[in-house]
Amino acid sequence: MDYRKIVSEMISKASDLEIDKIENMIEVPANSELGDYALPCFKLASIYRKAPVLIAQELAGKILPDSHISNIQAVNGYLNFFVNKESFSASVLNEILEKKDRYGDDTVGGEQTVIIESSSPNIAKPFHIGHLCSTIIGQSLYRLYESAGYKVVRINHLGDWGTQFGKLISAYKRWGDDQAIQEEPIKELLRIYVKFHEEAEKNPELEEEARRYFKNLEDGSPEETRLWQWFKDLSLKEFNKLYNRLGVSFDSYNGESFYSDKMDEVVSLLEEKSLLKESDQAKIVDLEPYNMPPCIIVKSDGASIYATRDIAAAIYRKRTYDFYKNIYVVGIPQALHFQQFFKVLELMGCEWSKDCVHVGFAHVRFPDKKLSTRSGNVIYLEDVLDESVNRIKEYMTNTKLDEDMIEPTAEKIGIGAVIFAFLKRSREKEMVFSWEETLNLEGESGPYIHYTYARGLNILRKVEGLEDRPDFSLLKEKVEIAIIQKLSVLQETIAEAISRNEPMVIARYVIELSKLFNSFYNSCKVITEEIKLKTARAKLIEACCIVIKKCLYLLGIETVDAM
RNA sequence: GUGCCUGUAGCUCAGCUGGAUAGAGCAACGGACUUCUAAUCCGUAGGUCGGGGGUUCGAAUCCCUCCAGGCACGCCA
């Protein structure tokens, strides 16, 4: 039941305005006592050449209540609509109970393909907080788009190519310790990578040696290729441990190396269009007319560069997937790079460049530590997750769970806490990382929502002797009505999250729903009520649990049934 | 220097395609566990929405300007 549409239709009939226009003007009053839907009449004032207050009053006089809308009032230039609570409640709750975890899903996507590039860690380097942002935002967007009926291709654009591999090979040949590498691949590879940078300070020849090794790699020399593949395998194994913990997977791991043989074509395409210019021995696309610095396509030493790889990748993706949207979940510091290469695509005549979107997220700052891969100063994601899980375990001393359930439960709650802490804020706002805030278990946190859900399920486990057909008209408490109102807007909330590529929208929604639920939990009894009310409330709880679980799913968080 | 982003309660943030008294969470203070898990709930207090102009019936929201902070600006990605 689409009440927004019903209201718009009523207004449309009473005025001579188009239904779509009205639908866009309709809003939900912040204060629910004012109504469930409202039409601000201020904009109509210029059309009708009348005072808004008068317009609202006249419209109110022309529109009659029906089975869905019980009352219409004109207040201060607003035309306020009150929905018939009984039919509204029944319509919303029955739909949820029937559709279950598919409630909120849509078909607007029409099976069109959306590509989401995210995570993209560098081989032989630690998986850090920045990669976590990209990974979980990408994961959430994947589930959001999927829910709206899009076909999604998740691409992990691995950083598996470039001069750093020359450095790594050089470092390995000098100081590599096979056994240490087998035991702790990333840490050991990082150790020798850092050592390389230290030594290179004193001995610049090392840089040259590294370039030579990378050249060999590009030329397909067996020894260098073997090492490169080995590093890559080890790294992926480590990354997959984390992906498993996070419940994340990908459809493609085609990283930078995959495009190493696809860049010549980009260069010749650019040459055909006469877009390339020589500048200091490098080949560039001049973007001066668009107020941007030039985009370097071929370096002065003839080697390729990331912009070229990204262009090659975009073209490859268009050909392979014929995407509707091509989304890059990459940090804001790279915003200019994306603007530049999207522009180059446009200049190349790829009209689909407009479908490429950079979904940026702000840098995560650390209060004291200066973090950099080269110096070896890093916070490992694994440590963050472990710390979170451990704190949850400490908290669980009073749990009634069986011993063997504590570990897996703490794992889910702990990881959910970290994910939620990152997704509850706008992705473009800089975040200062603090353990305290990330692992805060109270208030607007992951554990709060987990707890809410577990309490809901607990009632459902205990309640018995329900009637077959709930009478939802018995749900008359303010908080019950508010919950139903909140439940009713899931689909439009998902739509908003998609239009903004912003998982936070879902996070805020599920927090608000959880708050309402907890308020309800404290003021309304269920199990001890008489059968009719008990039934209606139990079904309300069931609907809440369905929607909370759905939202957590959309954020990439697993629920626990008890804690 | 140029471009992009940010500035809302003591702290962390929502609200920003203009709309009805600016909302949460932490922290503070006061209450609620013999009754569905108190990781909860209820209440109190706390704001020149960075400053100043402008557009408008109406601005935290749009425009201009200034201030403060962050990021990015050719051969790393």
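Just so we're on the same page: letters track the sequence lines, and every chain starts at 1. Just the heavy atoms: all of them, side chains too, but no hydrogens, waters or symmetry mates, feed the values below.
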[X] near the nucleic acid: base, sugar-phosphate alone, or nothing, with a heavy-atom cut-off under 4.0 Å?
{"X": "Arg537(A)", "result": "nothing"}
{"X": "Ala562(A)", "result": "base"}
{"X": "Met563(A)", "result": "base"}
{"X": "Ala51(A)", "result": "nothing"}
{"X": "Tyr306(A)", "result": "base"}
{"X": "Pro29(A)", "result": "base"}
{"X": "Arg309(A)", "result": "sugar-phosphate"}
{"X": "Ala282(A)", "result": "base"}

Under 4.0 angstrom between [X] side-chain N/O and [N] OP1 or OP2:
{"X": "Arg425(A)", "N": "rU12(B)", "answer": "no"}
{"X": "Lys299(A)", "N": "rC76(B)", "answer": "yes"}
{"X": "Tyr259(A)", "N": "rA77(B)", "answer": "no"}
{"X": "Tyr451(A)", "N": "rA39(B)", "answer": "yes"}
{"X": "Arg508(A)", "N": "rG23(B)", "answer": "no"}

Within this structure, what is the [atom1]-to-[atom2] distance between [X] and [N], rounded to whole angstrom?
{"X": "Asn76(A)", "N": "rC57(B)", "atom1": "CG", "atom2": "P", "answer": "18 Å"}
{"X": "Lys525(A)", "N": "rA32(B)", "atom1": "NZ", "atom2": "C1'", "answer": "11 Å"}
{"X": "Asn291(A)", "N": "rG3(B)", "atom1": "CG", "atom2": "C1'", "answer": "8 Å"}
{"X": "Met25(A)", "N": "rA20(B)", "atom1": "CE", "atom2": "C1'", "answer": "15 Å"}
{"X": "Glu502(A)", "N": "rU17(B)", "atom1": "CD", "atom2": "C1'", "answer": "16 Å"}
{"X": "Phe338(A)", "N": "rC4(B)", "atom1": "CZ", "atom2": "C1'", "answer": "15 Å"}
{"X": "Asn31(A)", "N": "rA22(B)", "atom1": "CG", "atom2": "P", "answer": "12 Å"}
{"X": "Glu496(A)", "N": "rG15(B)", "atom1": "CD", "atom2": "C1'", "answer": "11 Å"}

Which one, [options], comes nearest to the side chain of [X]?
{"X": "Pro333(A)", "options": "rC36(B), rA72(B), rC75(B)", "result": "rA72(B)"}
{"X": "Arg500(A)", "options": "rU40(B), rG15(B), rC36(B)", "result": "rG15(B)"}
{"X": "Pro447(A)", "options": "rA39(B), rU40(B), rC42(B)", "result": "rA39(B)"}
{"X": "Ile305(A)", "options": "rC16(B), rA77(B), rA39(B)", "result": "rA77(B)"}
{"X": "Asn518(A)", "options": "rU40(B), rA39(B), rA38(B)", "result": "rU40(B)"}
{"X": "Asn80(A)", "options": "rA20(B), rU40(B), rG15(B)", "result": "rA20(B)"}
{"X": "Asp280(A)", "options": "rA39(B), rC75(B), rG25(B)", "result": "rC75(B)"}
{"X": "Glu430(A)", "options": "rG74(B), rG70(B), rC75(B)", "result": "rG70(B)"}
{"X": "Ile392(A)", "options": "rU40(B), rA39(B), rU21(B)", "result": "rA39(B)"}
{"X": "Val526(A)", "options": "rA24(B), rC36(B), rA20(B)", "result": "rC36(B)"}

Check: [X] side chain, [Y] main-chain N or O, donor-acceptor pair, under 3.5 Å:
{"X": "Lys262(A)", "Y": "Phe258(A)", "value": "yes"}
{"X": "Asp36(A)", "Y": "Phe82(A)", "value": "no"}
{"X": "Ser140(A)", "Y": "Leu554(A)", "value": "yes"}

Using atom [atom1] in both nucleotides, what's the gap between [N] and [M] to the nearest angstrom?
{"N": "rC4(B)", "M": "rU44(B)", "atom1": "C1'", "result": "43 Å"}
{"N": "rC73(B)", "M": "rU61(B)", "atom1": "C1'", "result": "30 Å"}
{"N": "rG70(B)", "M": "rA77(B)", "atom1": "P", "result": "27 Å"}
{"N": "rG54(B)", "M": "rA59(B)", "atom1": "C1'", "result": "11 Å"}
{"N": "rC71(B)", "M": "rU65(B)", "atom1": "C1'", "result": "23 Å"}
{"N": "rA9(B)", "M": "rC49(B)", "atom1": "C1'", "result": "10 Å"}
{"N": "rG47(B)", "M": "rU12(B)", "atom1": "C1'", "result": "16 Å"}
{"N": "rG23(B)", "M": "rC67(B)", "atom1": "C1'", "result": "27 Å"}

Interatomic distance, Arg317(A) atom CZ to Asp310(A) atom CG [nearest 0.5 angstrom]: 7.5 Å

To the nearest 0.5 Å, what is the distance between CG (Leu460(A)) and CG (Leu466(A))?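 Reported to 0.5 Å precision, the distance equals 8.5 Å.
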
Taking the nucleotide of RNA chain B with the closest heavy atom to each, which residue, Gln339(A) or Lys429(A), is nearer the 5' end?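 Going by which nucleotide is closer to the 5' end, it is Gln339(A).
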
For Ile332(A) and for Ser279(A), locate the closest nucleotide of RNA chain B by heavy-atom distance; then report the residue assigned to the nucleotide nearer the 5' terminus.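 Nearest-nucleotide comparison on RNA chain B picks Ile332(A).
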
Does anything in residues 519-529 of chain A form a salt bridge (charged side-chain N to carboxylate O under 4.0 Å, His left out)? List the pairs, not counting sequence neighbours. Glu529(A)-Arg537(A)

Stems formed with participation of RNA chain B [Watson-Crick or G-U wobble, under 3.5 Å, three or more pairs]: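 Stems (3+ consecutive pairs) listed as B:1-7 with B:67-73, B:10-13 with B:23-26, B:28-32 with B:40-44, B:50-54 with B:62-66.
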
Hey, does the side-chain of Asn24(A) have a donor or acceptor N/O within less than 3.5 Å of a partner on the base of rU17(B)?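 It does not, because no donor-acceptor pair links the side chain of Asn24(A) to the base of rU17(B) below 3.5 Å.
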
Between the base of rC75(B) and the side chain of Ser300(A), is there a donor and acceptor pair under 3.5 angstrom?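 Pair found.
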
Take atom NE2 of His337(A) as the centre, draw a 6.0 Å sphere, and report whether it contains more than 12 heavy atoms from other residues, nucleotides or ligands.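 Yes, NE2 of His337(A) has more than 12 neighbouring heavy atoms, counting only those of other groups under 6.0 Å.
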
Distance-only criterion, 3.5 Å: show the donor-acceptor pairs between side-chain atoms of residues 50-59 of chain A and protein atoms not counting sequence neighbours.
{"unit_1": "Lys50(A)", "atom_1": "NZ", "unit_2": "Glu58(A)", "atom_2": "OE1", "d": "2.9"}
{"unit_1": "Lys50(A)", "atom_1": "NZ", "unit_2": "Glu58(A)", "atom_2": "OE2", "d": "3.3"}

May I ask you to decide if the ring planes of His197(A) and Tyr193(A) are parallel, tilted or perpendicular, using 30° and 60° as cut-offs?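 Because their plane-to-plane angle is over 60°, the rings of His197(A) and Tyr193(A) count as perpendicular.
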
Should the ring pair Tyr328(A) and Phe342(A) be called parallel, tilted or perpendicular, given that the plane angle runs from 0 to 90° and is split at 30 and 60?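 If you compare the ring of Tyr328(A) with that of Phe342(A), the planes turn out tilted.
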
Does rC49(B) sit syn or anti, given that only angles within 90° of 0 count as syn? anti

Electrostatic pair Glu218(A):Lys215(A) at N-O distance under 4.0 angstrom: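 Judged by the 4.0 Å cut-off on N to carboxylate O distance, Glu218(A) and Lys215(A) do not form a salt bridge.
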
